[in-house]
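One structure is given below, encoded as structure tokens.
Computed from a predicted structure; not experimentally measured.
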Amino acid sequence: MKKILIFVTSALFVLSACSGGGAKIGTLMDETGDLGAYGPPIQNGVDLAVGLINDAGGVGGGDVTVIHADSGTSPNIATEAAGKLIEIDKVNGIVGSLSSGVTMAVAEAKTIPAGMVIISPASTSPAISVLEDNDTVFRTTVSDAAQGAVLARLAIEKGYTDCSTLYVNNPYGKGLSDIFSSTFESLGGHCEAQVPHEQEQPSYKSEIDKAITDHEPDVIVAMSYPKSAAVYLRELIEGGYSGDFMFVDGTKNQDMFDELGAAQFEGMHGTAPGAADSDAKSTFSSLYEAKYGELPSNPFIGEGFDGAILLSLAMAKASADGHGNVIDGNSLRFVANAPGEQVGPGDMKKALDLLADGKDIDYVGVAGDQEIDANGDVSNTIEIWSIEGGKITSSGRFESP
């Protein structure tokens with residue numbers, strides 16, 4: 001399979017030149033920007049998913065083509081890239097983006113007006129649940145309505161009574177900070193300050209002053225993306241902050257901890273969407289490692305894989321019904337939700353055969369059951385993790401609110 005590289009003003013698109021029936025999936029992942037460390041492994045997850053679909057016979061008599069675009073952790077860059085995916089590349093659906101604010105901007109400007117299904121593997125803001133989207137915006141990751149509550153319970157469990165949050169100033173950061181803080185205080189804690197910040201500043205000293213005020217909190221919760229968080233975490237440590245830190249999905253990044261000196265965070269905890277061990281998760285890990293090497297500890301790789309599988313199976317459902325490769329909420333729920341014969345990552349031939357025969361299927365994914373509700377949300381679990389021996393390590397605890 002040859003690859004064609006096309007350079008455009010704001011993004012690099014990689015087209016997998018495949019034969020066949022015209023089924024196309026676009027991605028909007030962050031190759032650059034504050035979340036640039038997260039995008040490439042999730043792209044790998046998408047490519048792995050589509051490879052399994054194509055090995056099993058493809059969709060509509062041909063292979064599925066993947067077209068990758070860089071969303072740059074920027075609403076402007078991502079919106080321009082989405083326009084190209086929809087209007088020029090003619091994709092049938094999009095997996096992306098990562099930042100909630102970026103996904104919402106793309107949806108409102110491009111995908112909702114076009115009637116295009118977009119399914120995010122990483123956008124966790126509760127605001128996405130109430131978008132007026134005409135049933136076109138979905139996600140394979142759980143809302144921060146769950147993560148904020150689980151993190152607050154964990155903070156109380158660890159004995160923290162006073163906290164401050166430093167959060168990226170977008171729907172993701174604000175939603176997570178608000179839910180965490182309100183839950184923390186309802187459980188008897190006190191939040192000294194909730195401090196927003198802009199992305200990728202050279203210094204966050206003024207925000208740090210607001211977070212610490214006259215009373216140093218027991219814990220500061222870093223609700224940001226890796227590049228920004230690395231700056232203020234270093235400034236806090238060098239400035240003599242003596243309390244602890246807690247982390248979230250946006251700061252679950254081993255490279256960030258390595259850069260800062262992971263020993264300084266030994267035994268500290270965080271949360272992120274994640275599923276308990278399962279056959280689906282084990283199969284995915286084996287497939288990923290066989291193709292790409294070690295599976296990173298970054299979040300949302302399995303969610304990206306699940307998103308691509310669901311879009312492909314929804315296209316197969318539409319094709320079997322004589323509707324071309326048109327994806328909509330009904331076809332997504334048909335392949336994702338019970339009832340139906342359960343299929344997992346290793347069952348793509350079986351899944352495609354069942355759909356071709358008009359049978360109902362229930363995809364059980366890497367990130368959980370992937371039962372899609374009326375808002376396009378899924379109700380999966382939150383993983384508790386910590387830094388142990390300098391490495392991001394799962395506690396083996398997976399909780400719901």
Side-chain angles (χ1 to χ4, degrees), residues 23 25 45-46 48-50 52-60 64 92-93 95 115 117-121 128-129 131 133-143 145-146 273-284 287 302-382 398-401:
I25 291 174
V46 170
L48 178 61
V50 171
L52 293 175
I53 292 288
N54 290 340
D55 288 345
V59 170
V64 179
N92 302 100
V95 182
V117 165
I118 183 169
I119 185 163
S120 173
I128 291 175
S129 300
L131 270 181
D133 65 353
N134 199 26
D135 204 29
T136 58
V137 179
F138 301 85
R139 47 187 167 182
T140 50
T141 187
V142 64
S143 164
D277 290 342
S278 65
D279 289 344
K281 194 171 179 180
S282 177
T283 298
F284 168 73
L287 290 167
E303 285 85 346
F305 174 94
D306 286 345
I309 290 288
L310 288 173
L311 289 182
S312 298
L313 294 178
M315 284 192 287
K317 160 65 176 168
S319 180
D321 290 345
H323 299 148
N325 298 319
V326 177
I327 304 167
D328 61 18
N330 291 331
S331 59
L332 269 180
R333 292 183 180 89
F334 186 89
V335 302
N337 294 3
E341 187 163 351
Q342 289 194 346
V343 293
D347 302 322
M348 290 304 101
K349 179 69 165 64
K350 175 183 177 182
L352 292 172
D353 287 346
L354 286 167
L355 291 170
D357 290 340
K359 304 290 180 60
D360 193 0
I361 64 171
D362 175 13
Y363 175 69
V364 178
V366 180
D369 287 344
Q370 299 301 354
E371 295 284 315
I372 301 172
D373 70 12
N375 294 322
D377 289 341
V378 293
S379 297
N380 296 326
T381 54
I382 300 298
F398 300 86
E399 299 188 1
S400 297

**Whether Asn54 side chain and Val64 backbone form a donor-acceptor pair below 3.5 Å** = yes

**Item:** Sidechain-backbone polar pair: Lys281 side chain, Ala275 backbone, donor-acceptor under 3.5 Å
**Value:** yes

**Request:** List the atom of Ala308, the atom of Ile25, and the distance in Å for their closest heavy-atom pair.
**Result:** O-CD1, 3.8 Å

**Request:** Report yes or no: does Asp357 contribute a side-chain atom to a donor-acceptor pair with the main-chain N or O of Lys359 at less than 3.5 Å?
**Result:** no

**Item:** Side chain proximity check, Phe138 to Leu311, heavy atoms < 4.5 angstrom
**Value:** no

**Request:** Determine whether the side chains of Asp377 and Ser129 contain a donor N or O and an acceptor N or O closer than 3.5 Å.
**Result:** yes

**Message:** When you compare the side chain of Val366 with that of Pro345, does any pair of heavy atoms fall below 4.5 Å?
**Reply:** yes

**Message:** Minimum heavy-atom separation for Ala318 and Val326, please, with both atom names.
**Reply:** CB-O, 3.1 Å

**Request:** Report the distance from atom OG of Ser120 to atom CD1 of Ile128, rounding to the nearest 0.5 Å.
**Result:** 6.0 Å

**Request:** Give the minimum heavy-atom separation between Glu303 and Pro273, together with the two atoms involved.
**Result:** OE2-O, 4.1 Å

**Request:** Locate the shortest heavy-atom distance separating Gly307 from Val95; write the atom from each residue and the value.
**Result:** C-CG2, 4.0 Å

**Prompt:** Run the side chain to side chain contact (heavy atoms under 4.5 Å, CB included) check on Leu352 and Leu313 step by step: do they pass?
**Reply:** CA-CA 7 Å; Leu352 292 172; Leu313 294 178; 4.0 Å; yes

**Request:** Could you check if a side-chain atom of Gln370 sits within less than 4.5 angstrom of a side-chain atom of Asn380, using non-hydrogen atoms only?
**Result:** yes

**Asked** In this structure, are over 12 heavy atoms from other groups packed under 6.0 Å from Asp279 atom CG?
**Response** no

**Item:** For Ala145 against Pro401, the heavy-atom pair lying closest together
**Value:** O-CG, 4.4 Å

**Item:** CG-CE distance between Leu355 and Met315, expressed to the nearest 0.5 angstrom
**Value:** 12.0 Å

**Request:** Can you measure from CG (Leu332) to OH (Tyr363) and round to the nearest 0.5 angstrom?
**Result:** 12.5 Å

**Asked** Under the side chain to side chain contact (heavy atoms under 4.5 Å, CB included) criterion, do Phe284 and Asp306 qualify, and how do the steps go?
**Response** CA-CA 10 Å; Phe284 168 73; Asp306 286 345; over 6 Å; no

**Asked** Please, which pairs that meet side chain to side chain donor-acceptor pair (under 3.5 Å) have at least one residue in residues 326-339, sequence neighbours excluded?
**Response** Asp135-Arg333, Asp328-Ser331

**Full working for side chain to side chain contact (heavy atoms under 4.5 Å, CB included) between Thr381 and Val142** = CA-CA 7 Å; Thr381 54; Val142 64; over 6 Å; no

**Asked** Can you find a pair of side-chain heavy atoms, one from Pro121 and one from Thr140, that are under 4.5 Å apart?
**Response** yes

**Asked** In this structure, are over 12 heavy atoms from other groups packed under 6.0 Å from Lys349 atom NZ?
**Response** no

**Message:** Looking at every heavy atom in both Val364 and Ala280, which two are closest together, and how far apart are they?
**Reply:** O-CB, 3.7 Å

**Request:** Could you give me the CA-CA distance, side-chain angles and deciding distance for Phe305 and Leu52, then say whether side chain to side chain contact (heavy atoms under 4.5 Å, CB included) is met?
**Result:** CA-CA 10 Å; Phe305 174 94; Leu52 293 175; 3.7 Å; yes

**Item:** Flag side-chain contact, heavy atom, 4.5 Å: Val378 against Ile372
**Value:** yes

**Fill in**
Here the side chain to side chain donor-acceptor pair (under 3.5 Å) pairs for residues 308-319, sequence neighbours left out, are Lys317-Asp321

**Request:** Determine whether Lys350 and Ile361 make a side-chain contact, defined as any pair of heavy atoms from C-beta on separated by less than 4.5 Å.
**Result:** no

